[in-house]
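These notes are about the structure you will find just below.
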Amino acid sequence: MFRIITKTSRLFPLKGIPSAVSASLKASSAKYPIQSIPFSCIVPQQSYFRSFSSSYTSLNSQAMEQPSTSDQIVLFSEYEPIPFSSYSSVNPNTLKAIKSEFKFDCATKVQNAIISQIPSDQDFLIKAKTGTGKTIGFLISAIETLLKNKKSGSYDKDSVGILIVSPTRELAKQIANEASKLSTFHKFGVHELVGGESIRNQTRSLSNRPKDIVVGTPGRLLDLWDSFPEFGRAASKTQILVFDEADMLLDLGFQKEINDIVSRCPRDRQNFLVSATFSSKVRQTARKALEGKSFKELDCVDPNESSVVKKIKQSYILANWDAHYHLISKVVASHIAEIKEKTGAGAKILIFLPTTKSVQVYSSVLSSMLSKSGTPLNKPDKSSRFRNHRAQYKNSVKIFSIHGKKSQDVRTRTSDNFRKFDISNNNTGILITTDVSARGVDYPGTSLVLQVGVPKDPQQYTHRVGRTGRAGTYGEGITILSEFELPFIRSLSLEQGVELKESEVFNSSMVSDLVEAIELTKKEADTESGETKDSTTDQSLEAKNELIPFVKKHSFGFERYKNEASVEEIEDMFISCIGYYQSLEGILRYKVNDLISQVSRSMLPFGIDKIPHLPLQLRLSLGIGRPSGNSKSFSRNNYSRNNSSTRYKDDSRFNDHRHGSENHSSSQPRFNGYRHGSENHSSSQPRFNRYGSKNNRESSDNYFQKNRSSGNRDRRNGNSYSR
Ligand SMILES: Nc1ncnc2c1ncn2[C@@H]1O[C@H](COP(=O)(O)OP(=O)(O)OP(=O)(O)O)[C@@H](O)[C@H]1O
């Protein structure tokens with residue numbers, strides 16, 4: 001195994017430069033005189049740094065703790081104070097593009113590790129922390145091989161030079177964009193072959209321009225391989241094959257497609273496998289998938305560290321689902337205030353949710369809530385003199401959302417708009433998304449990643465949280481958990497080395513104050529619309545619970561959405577989330593009762609106090625059915641797992657999930673009954689929503705079935721029916 005680590009036996013602080021940085025400088029001073037190192041190499045480059053100048057001293061501090069051993073080269077941070085211009089092995093046209101198009105002066109640690117291997121036609125497995133510049137790293141190296149092959153005549157113009165496979169469309173587009181910029185002076189043809197876009201445009205482009213660099217998602221690449229012979233022939237002669245986010249590609253979801261692509265490429269190609277996370281299982285699969293070839297491993301992550309950069313402050317908040325909307329508003333508001341104080345600018349925030357349905361509901365709710373919070377959210381400031389000018393959007397919050405059910409056109413536009421979103425006028429952009437945005441996607445300036453519910457596995461946590469703290473900038477990661485999700489923290493520690501602690505600010509006492517404030521506000525609203533005004537909601541309470549004004553301010557927006565939302569929407573969200581958590585049973589080891597009890601709380605704020613009918617397939621996966629015995633009336637606690645499949649032969653339903661008020665513990669829903677028994681909710685009988693109207697939704701089973709069958713190869717970009 002190959003490992004690059006920098007030597008740090010003694011540190012000699014240089015005057016005026018933070019000690020960690022000076023140590024870093026010292027380490028490379030033998031090779032590169034200090035005078036020749038631009039200051040921009042010492043601190044993170046580009047605009048990311050502008051807003052966070054106060055934080056740069058901590059940039060390299062983590063390296064100080066590294067032990068030194070004589071046979072290792074120790075690196076101090078994710079940044080190497082080595083100017084790109086000093087790499088004689090990199091083609092001048094590439095260096096020119098790095099300078100003029102990217103405006104980078106110095107390599108990051110992983111880039112230095114990769115460039116140090118040039119020239120090489122070996123296969124590489126590259127592992128480095130999130131947001132540390134792996135993309136440009138592998139592109140520089142692959143371009144060198146391509147140029148070498150061109151020179152030696154082993155590359156004919158009808159071949160594909162570099163074929164880059166990405167698990168998601170957004171990432172493929174981003175890589176294609178970086179590849180185009182990097183090849184500005186090489187005049188390479190760069191193609192982007194992703195699903196959801198016009199095949200005709202893609203084939204036209206392939207016919208008209210050289211196929212030096214092709215970036216695509218597995219499904220579309222294979223479709224074109226089969227349906228467009230010109231591309232099929234060229235791709236079969238691929239010189240360099242790259243799997244970005246290789247662990248995700250090699251994970252079950254894309255196994256077949258990857259094997260297919262590998263088997264169609266020539267054996268004597270160069271391979272790159274790139275990711276921030278690689279499990280041993282994925283390493284094995286990689287070897288198998290790539291015909292037993294051996295890889296040179298460039299592992300830039302210290303085995304004692306996680307793949308999350310240390311600068312990202314991470315914590316969790318324990319809260320029930322019915323508190324989510326106000327809690328998220330509060331977290332967002334606090335973060336905006338903190339960033340404003342630190343930088344004078346607005347913030348960029350990413351919120352991850354488990355499923356498409358939850359993204360749809362949460363983005364509508366939060367849009368409505370935040371837009372009523374006193375700031376002209378998503379709306380121009382009418383008092384502005386510059387009504388049609390950008391300045392009118394000062395202090396606003398704009399909500400974006402992306403999920404797999406949106407058309408590719410909309411996804412691309414949203415992604416571009418969020419990337420370019422200008423925070424300099426104190427505006428804040430919030431992207432609410434499923435895992436389609438979890439891997440590789442770069443939204444510079446994102447300062448908070450908020451995960452609502454745990455991700456599908458500990459690796460995914462690393463990738464999600466890695467959307468912040470990129471290129472050396474400040475970042476914070478907060479995960480909102482409910483009690484049944486707590487076991488995830490242990491898995492995260494064991495598998496990713498991330499020790500997640502409860503948030504100091506949003507601790508249990510703050511969350512219970514918030515819950516109390518929500519209840520009091522609701523009570524007050526009820527009494528105002530009803531008979532007598534309740535004396536319990538007077539000003540003395542506001543003095544005791546300072547969150548009441550905050551909750552009141554945001555509740556109006558919530559109520560506004562609630563009045564528009566359909567019961568179907570909310571119930572579908574619940575069902576989709578249960579489907580999501582079903583697949584996490586191995587990690588969370590929850591009791592089905594606890595899962596359903598907790599997730600059903602997501603419907604409470606909307607006044608829905610009955611558990612909707614769960615699709616048969618989902619119930620089978622959860623292992624629940626009619627308890628033994630002839631009783632037709634079950635308590636909620638009878639959601640026991642069945643070991644015997646025969647129990648389902650009569651298609652037993654959840655007959656009655658009655659949950660009497662006497663049973664209410666704090667972890668249980670407040671409402672009285674999940675009365676959802678055969679008397680009301682058999683599939684053949686009408687169901688009634690909270691408005692008392694008939695619920696005409698198609699049966700849940702059909703609903704799930706339909707959505708499942710609509711999946712295709714490319715939709716598996718982390719966004720099948722539920723994501
Ligand atoms: N040498 C450099 N100097 C400054 N910024 C850089 C440098 N190289 C890359 N960057 C910037 O760092 C950010 C992260 O880069 P990139 O997306 O390649 O990270 P990554 O390691 O692939 O992350 P992930 O694991 O999330 O995919 C990008 O905004 C990129 O432009």
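Counting convention: from 1, in listed order, for ligands and their atoms alike. Note that these values count all heavy atoms, side chains included, but never hydrogens, waters or copies made by symmetry. Quick caveat, the model's predicted, so the values are computed rather than measured. Throughout, numbering of the chain's residues begins at 1 and tracks the sequence.
Residue contacts with ligand 1 include R467, since one or more of its heavy atoms lies under 4.0 Å from the ligand. Ligand 1 lies within reach of F84, whose nearest heavy atom is under 4.0 Å from it. Proximity of K129 to ligand 1 is established by a heavy-atom distance of less than 4.0 Å. Ligand 1 has at least one atom lying under 4.0 Å from a heavy atom of C106.
Below 4.0 Å from some heavy atom of T130 lie the following atoms of ligand 1, by number and element: 23 (O), 25 (O), 26 (O). Those atoms of ligand 1 that come under 4.0 Å of a heavy atom in T135, given as number and element, are 16 (P), 17 (O), 18 (O), 22 (O). Distances below 4.0 Å separate heavy atoms of T132 from the following atoms of ligand 1: 19 (O), 20 (P), 21 (O). Heavy-atom contacts of E245 reach the following atoms of ligand 1: 27 (O) (cutoff under 4.0 Å).
Between Y443 and F418, the ring planes lie perpendicular to each other; the angle is over 60°, past the 30° to 60° tilted range. Taking the six-membered ring where tryptophan is involved, the planes of F272 and F138 are tilted, since the angle between them lies from 30° to 60°.
Checked against a 3.5 angstrom limit, the closest N/O atoms of G466 and ligand 1 fall outside it. At a 3.5 angstrom cut-off on N or O pairs, A107 does not count as close to ligand 1.
Checking Q408, E197, Q174 one by one against R169, the side-chain hydrogen bond (donor to acceptor under 3.5 Å, both in side chains) holds for a single residue, Q408. Partner of D435 under the salt bridge (Lys or Arg N to Asp or Glu O under 4.0 Å) criterion, chosen from R464, R467, K456: R464.
Nearest to atom 8 (N) of ligand 1 by heavy-atom distance, out of K134, E178, Q111, is Q111. Comparing F138, Y443, F104 by heavy-atom distance to atom 5 (N) of ligand 1, the nearest is F104.
Contact annotation for D442 and ligand 1: only side-chain heavy atoms (C-beta onward) come within less than 4.0 Å of the ligand. Only the side chain of R470 comes within contact range of ligand 1, with a heavy atom under 4.0 Å; no backbone atom does.
With sequence neighbours excluded, the residues satisfying side chain to side chain contact (heavy atoms under 4.5 Å, CB included) with N271 are D123, L241, R269, L290, K293, F295. T130 meets the side-chain hydrogen bond (donor to acceptor under 3.5 Å, both in side chains) test with no other residue; sequence neighbours excluded.
Surrounding NZ of K340 are at most 12 heavy atoms belonging to other residues, nucleotides or ligands under 6.0 Å away.
K96 forms a cation-pi arrangement with F185, by the criterion of a distance under 6.0 Å to the ring centre and an angle within 45° of the ring axis. For the pair K181 and F102, the cation sits on the ring face: its NZ or CZ lies under 6.0 Å from the ring centre, inside 45° of the axis.
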